[in-house]
Peer 1: 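Below you'll find the structure I mean.
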Amino acid sequence: MSVVNITLPDGSSRQYPAGVKGIEIAQSISEGLARNALSIEVNACLPDRQGEIWDLSRPINTDAAIKIFTWNDKGGKYAFWHSSAHLFAEALEALYPGVKFGIGPPIENGFYYDVDLGDRPFGDEELAAVEKKMVELAKANSTFVRRDVSKKEAIDYFTKKGDEYKLELIDGLADGSITFYQQGNFVDLCRGPHIPSTGPIKAIKLLSVAGAYWRGDEKNKMLKRIYGITFPKQKELDEYLHMLEEAKKRDHRKLGKELELFAFSEKVGMGLPLWLPKGTILRERLEQFMRRAQIRAGYDPVVTPHIGSKQLYVTSGHYEKYGKDSFQPIHTPDESEEFLLKPMNCPHHCEIYKVKPRSYKDLPIRLAEFGTVYRYEQSGELHGLTRVRGFTQDDAHIFCRPDQVKDEFIKVIDLVLFTFKSLGFEDYTAQVSLRDPENKTKYIGEDALWERAEREIQEAADERGLKTIAVFGEAAFYGPKLDFMVKDALGRSWQLGTIQVDYQLPQRFELEYIGSDNQKHTPVMIHRAPFGSMERFVAVLIEHCAGNFPLWLAPEQIAVLPISERFNEYGQQVLDTLKNSDIRGFLDDRNEKIGRKIRDAEVNKVPFMLLVGEKEVAEGKVAVRKHGQGDQGVMDLKEFVERFSREFALPA
RNA sequence: GCCGAAGUAGCUCAGGGGUAGAGCAACGGUUUCGUAAACCGUAGGUCGUGAGUUCAAAUCUCAUCUUCGGCUCCA
């Protein structure tokens with residue numbers, strides 16, 4: 001009998017009979033591991049090579065490096081949730097005979113399955129019924145059985161079943177690579193892997209029903225996508241649901257209302273935020289921070305109008321690409337005149353570049369503007385402050401020589417990283433957004449320039465030691481980008497900072513400079529916005545700090561709280577003194593007890609409370625209380641300001 | 001734009017064919033208070049909007065607007 005060498009993650013090797021199963025290896029290591037094992041990674045031998053994740057019941061016939069996955073591994077969770085998707089499908093089919101299935105993958109938190117229920121309604125009640133059925137079927141502890149099938153057999157099976165979606169999927173698969181999985185009465189086209197049986201799926205929650213286009217194409221039929229999550233233990237499900245509830249408390253839309261930062265009005269129009277006084281202070285502090293950083297980095301502030309003639313966007317190519325789906329042109333008494341609300345600032349900045357001849361010695365020229373732009377986003381896309389129809393970019397365009405691109409790009413990376421660090425954003429993803437190689441017609445410009453730009457971005461990122469991931473199809477139509485993605489409270493990813501290399505617009509606007517050779521050359525343009533937009537950045541910032549802004553950003557930094565109305569006058573003096581030091585605050589002179597005033601200030605997340613009563617008036621001091629931390633002791637007002645002066649100032 | 005859900009007082013929510021409710025906030029008064037909610041009182045709503053069914057609609061139907069969860073999109 002032949003044997004295979006199995007290498008374990010610690011580097012040690014063991015010999016097993018050929019055909020050994022993952023579960024048997026787990027048993028041979030420890031009983032506990034076998035009990036918790038969910039899937040196995042095979043041929044994970046090299047650090048840079050990802051193995052395949054297999055079922056524990058699949059025989060291993062060659063030498064292999066393996067790692068056994070449990071609930072603590074992503075690979076284990078994915079197998080668990082993938083199997084849960086099949087369990088869901090089994091339950092759904094039992095209750096809705098004839099249902100057709102699209103795809104049902106595991107996702108970061110749980111799984112979904114796209115299904116076609118025909119005209120049958122499916123809402124919360126139906127979700128609950130299917131959930132109940134899933135619990136019942138899980139208890140049956142059906143084994144997941146893997147089976148290789150020929151393409152013909154696969155086609156026959158799903159033709160008979162009448163599931164055109166699965167047939168379409170099979171159509172794209174090579175004969176010999178097709179497998180079915182069965183548990184109970186349910187058979188699915190599936191590559192696997194799965195957990196051994198349905199039994200370990202103890203805690204089940206179907207979360208929501210949504211629409212999703214078949215194969216992600218809006219021309220296709222819309223299927224119902226059912227989201228769910230499962231856990232090995234009820235306690236873990238309870239904790240997850242509790243975590244979701246907690247995350248909702250950080251939602252910027254909720255906090256924006258509670259803390260009176262921004263609002264929307266149906267009369268003004270959807271997606272058009274109204275910045276309230278407190279939100280405006282926050283936003284202006286961020287602008288001050290960025291303006292200062294940019295001045296130090298050699299940018300020149302400019303201001304341009306909110307509209308521009310249609311011709312400007314015809315030249316840039318934006319009109320052709322987005323004209324139909326934008327706010328439509330503004331007309332004047334002169335019928336031949338058309339203006340557009342500006343959807344971006346670059347064309348205006350190009351025209352600033354063109355006001356006079358430029359020399360190679362002038363470059364780089366960095367034009368910065370907090371430019372408010374308007375884009376007609378689809379109604380279903382609007383989302384609090386993260387996706388709006390009118391917003392302000394912390395925009396700038398760097399015009400430089402080709403030999404300066406990489407250097408300038410690196411400087412922008414530094415500015416973005418400085419910005420993120422100053423605001424405590426440590427958990428971001430740097431994404432290199434490239435063209436969709438399948439669909440190059442969506443983009444303008446020559447391949448050679450695209451490749452050059454893509455190379456420059458990657459090199460700049462590498463030079464700064466930035467870990468990046470490449471994503472195809474995410475480039476702008478005129479050039480590739482380096483995007484900084486940050487997650488919101490509920491784990492949804494948003495693009496904040498962005499840096500883009502553009503060889504196209506300078507050509508279209510016929511920008512030029514005179515080189516040292518006394519010849520005309522075309523400059524390169526770098527588009528960049530470290531925040532992305534003030535709206536989206538503020539939204540993500542709110543969720544990051546749960547509304548507990550750092551002192552320098554807090555709209556109200558201190559609350560002066562007199563113990564009783566008798567001390568209001570002294571409180572006012574304290575407040576006036578602070579205002580002379582540019583500290584923002586208010587006096588709570590309501591006829592309320594001190595406990596109440598403290599509570600309200602705490603609830604409103606005011607960083608500092610200064611209590612003043614008989615003792616403080618007599619000594620000319622204040623009793624300092626810090627938000628979330630309680631009493632800090634009595635001190636001189638000057639001492640208080642000095643002690644926290646660094647936190648009051650813009651980060652440097 | 002598409003699929004699904006929801007809209008009742010400033011906020012959070014109850015009610016569900018027969019006179020529109022609570023807590024907090026607001027306003028008036030009492031109290032003058034030492035580190036997370038004092039007490040009493042007053043006022044506040046065409047139940048998102050528009051049609052329809054009905055003797056009667058917040059409640060049932062339809063349409064529409066907005067919001068929420070996704071999809072698609074994101075210069």
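From a predicted model like this one, the values you see are computed outputs, not experimental measurements. All heavy atoms count here, side chains included; hydrogens, waters and symmetry mates do not.
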Peer 1: Tell me, please, which residues at least two apart from A:E320 pass side chain to side chain contact (heavy atoms under 4.5 Å, CB included).
Peer 2: none
Peer 1: With 3.5 Å as the limit, what N/O pairs link the protein to nucleotides 23-25 of chain B?
Peer 2:
unit_1, atom_1, unit_2, atom_2, d
B:A25, OP1, A:R596, NH1, 3.3
B:A25, OP1, A:R596, NH2, 2.1

Peer 1: With the criterion being N/O to N/O and under 3.5 Å, what pairs connect the protein with nucleotides 41-43 of chain B, and how long is each?
Peer 2:
none

Peer 1: Ring centroids only, cut at 6.0 angstrom: are A:H527 and A:Y478 within range, meaning strictly under it?
Peer 2: yes
Peer 1: Going by atom types alone, do A:T441 and A:N439 pair a side-chain donor with an acceptor below 3.5 Å?
Peer 2: yes
Peer 1: Whole-Å distance between B:C3 P and A:K224 NZ?
Peer 2: 9 Å
Peer 1: Scan A:Q495 against the nucleic acid and name what it touches under 4.0 Å (heavy atoms): base, sugar-phosphate only, or nothing.
Peer 2: nothing
Peer 1: Between the side chains of A:K615 and A:E619, is the shortest nitrogen-to-carboxylate-oxygen separation below 4.0 Å, so that they form an ion pair?
Peer 2: no
Peer 1: Please determine if A:E639 and A:K621 form a salt bridge, counting it only when a charged side-chain N lies under 4.0 Å from a carboxylate O.
Peer 2: no
Peer 1: For the OG1 atom of A:T280 and the NZ atom of A:K278, what is their distance to the nearest 0.5 Å?
Peer 2: 12.0 Å
Peer 1: What contact category does A:L611 fall into here, base, sugar-phosphate, or nothing, at under 4.0 angstrom with non-hydrogen atoms?
Peer 2: base
Peer 1: Angle between ring planes, A:F101 versus A:Y113, binned at 30° and 60°: parallel, tilted or perpendicular?
Peer 2: perpendicular
Peer 1: Listing request: all salt bridge (Lys or Arg N to Asp or Glu O under 4.0 Å) pairs with a residue in residues 107-119 of chain A, at least two apart in sequence or in separate chains.
Peer 2: A:E108-A:K487, A:D114-A:R225, A:D116-A:K221
Peer 1: In whole Å, what separates the P atom of B:G18 from that of B:A57?
Peer 2: 11 Å
Peer 1: What integer distance in Å separates A:Y478:OH from B:C74:P?
Peer 2: 12 Å
Peer 1: What does the 5'-to-3' dot-bracket notation of RNA chain B look like when only Watson-Crick and G-U wobble pairs under 3.5 Å count, and pairs to other strands show as |?
Peer 2: (((((((..((((....[..)))).(((((.......))))).....(((((..]....))))))))))))....
Peer 1: Reckon A:Q393 touches a base, only the sugar-phosphate, or nothing at all at heavy-atom distances under 4.0 Å?
Peer 2: nothing
Peer 1: What I want to find out is whether A:K481 reaches A:E474 closely enough, with some N-O distance under 4.0 Å, to be called a salt bridge.
Peer 2: no
Peer 1: Measure the distance from NZ on A:K310 to C1' on B:A75 and round it to the nearest whole Å.
Peer 2: 18 Å
Peer 1: Taking atom P in both B:G10 and B:G4, what distance in whole Å separates the two?
Peer 2: 32 Å
Peer 1: Look at the side chain of A:R625 and decide which nucleotide, out of B:G34, B:U12, B:U35, has an atom nearest to it.
Peer 2: B:U35
Peer 1: If a pair satisfies salt bridge (Lys or Arg N to Asp or Glu O under 4.0 Å) and one of its residues is in residues 525-534 of chain A, list it, with sequence neighbours excluded.
Peer 2: none
Peer 1: Students often mix this up, so state it plainly: with edges at 30° and 60°, are the rings of A:W450 and A:Y443 parallel, tilted or perpendicular?
Peer 2: perpendicular
Peer 1: Run the side chain to side chain contact (heavy atoms under 4.5 Å, CB included) test against A:D238 and tell me which residues pass, sequence neighbours left out.
Peer 2: A:Q234
Peer 1: Can you sort out which residues in residues 597-609 of chain A have a heavy atom within less than 4.0 Å of RNA chain B? Ascending by number, please.
Peer 2: A:I598, A:R599, A:E602
Peer 1: So that I know where these two stand, are A:F537 and A:F425 an aromatic pair - ring centroids less than 6.0 Å apart?
Peer 2: yes
Peer 1: Nearest whole angstrom, please: distance from the C1' of B:U35 to the NE2 of A:H627.
Peer 2: 15 Å
Peer 1: Report the residues that fulfil side chain to side chain contact (heavy atoms under 4.5 Å, CB included) with A:L610, sequence neighbours left out, ordered by chain and then residue number.
Peer 2: A:I558, A:V574, A:L578, A:V622, A:V624, A:L637, A:F640
Peer 1: Of the nucleotides B:C73, B:A75, B:G34, which one has an atom closest to the side chain of A:I594?
Peer 2: B:G34
Peer 1: Ignoring backbone atoms, establish whether A:K481 has a side-chain N or O less than 4.0 Å from OP1 or OP2 of B:A75.
Peer 2: yes
Peer 1: Would you indicate what A:K593 reaches in the nucleic acid, counting non-hydrogen atoms under 4.0 angstrom: base, sugar-phosphate, or nothing?
Peer 2: base
Peer 1: OP1 or OP2 of B:C33 less than 4.0 angstrom from a side-chain nitrogen or oxygen of A:R566, does that happen here?
Peer 2: yes
Peer 1: On a whole-Å scale, what distance lies between the C1' atoms belonging to B:U30 and B:G16?
Peer 2: 41 Å
Peer 1: Is it the case that B:C73 (base atoms only) and A:R387 (side chain only) share a donor and an acceptor within less than 3.5 Å, ignoring hydrogens and angles?
Peer 2: yes
Peer 1: Rounded to the nearest angstrom, tell me the gap between atom NZ in A:K442 and atom C1' in B:A75.
Peer 2: 13 Å
Peer 1: Going by side chain to side chain contact (heavy atoms under 4.5 Å, CB included), name the residues that satisfy it together with A:E164, two or more places apart in sequence or in a different chain.
Peer 2: A:K100
Peer 1: Under 3.5 Å, is there an N or O donor on one side and an acceptor on the other linking the side chain of A:E377 and the base of B:G1?
Peer 2: no
Peer 1: Looking at A:D502 and A:R508, does any basic side-chain N land under 4.0 Å from a carboxylate oxygen?
Peer 2: no
Peer 1: Would you mind writing out the side-chain donor-acceptor pairs for residues 206-215 of chain A within the sub-3.5 Å range, not counting sequence neighbours?
Peer 2:
unit_1, atom_1, unit_2, atom_2, d
A:W214, NE1, A:E168, OE1, 3.0
A:W214, NE1, A:E168, OE2, 3.4

Peer 1: In the 5'-to-3' direction, what one-character label does each nucleotide of nucleotides 58-71 of chain B receive under the scheme B = base within less than 4.0 Å of a protein heavy atom, S = sugar-phosphate only, - = no such atom?
Peer 2: -------SSSSBBB
Peer 1: What's the gap between B:G50 and B:C65 when it is taken at their C1' atoms, as a whole Å value?
Peer 2: 10 Å
Peer 1: Anything under 30° is parallel, anything over 60° is perpendicular, the rest tilted; go ahead and classify A:W81 against A:Y78.
Peer 2: tilted
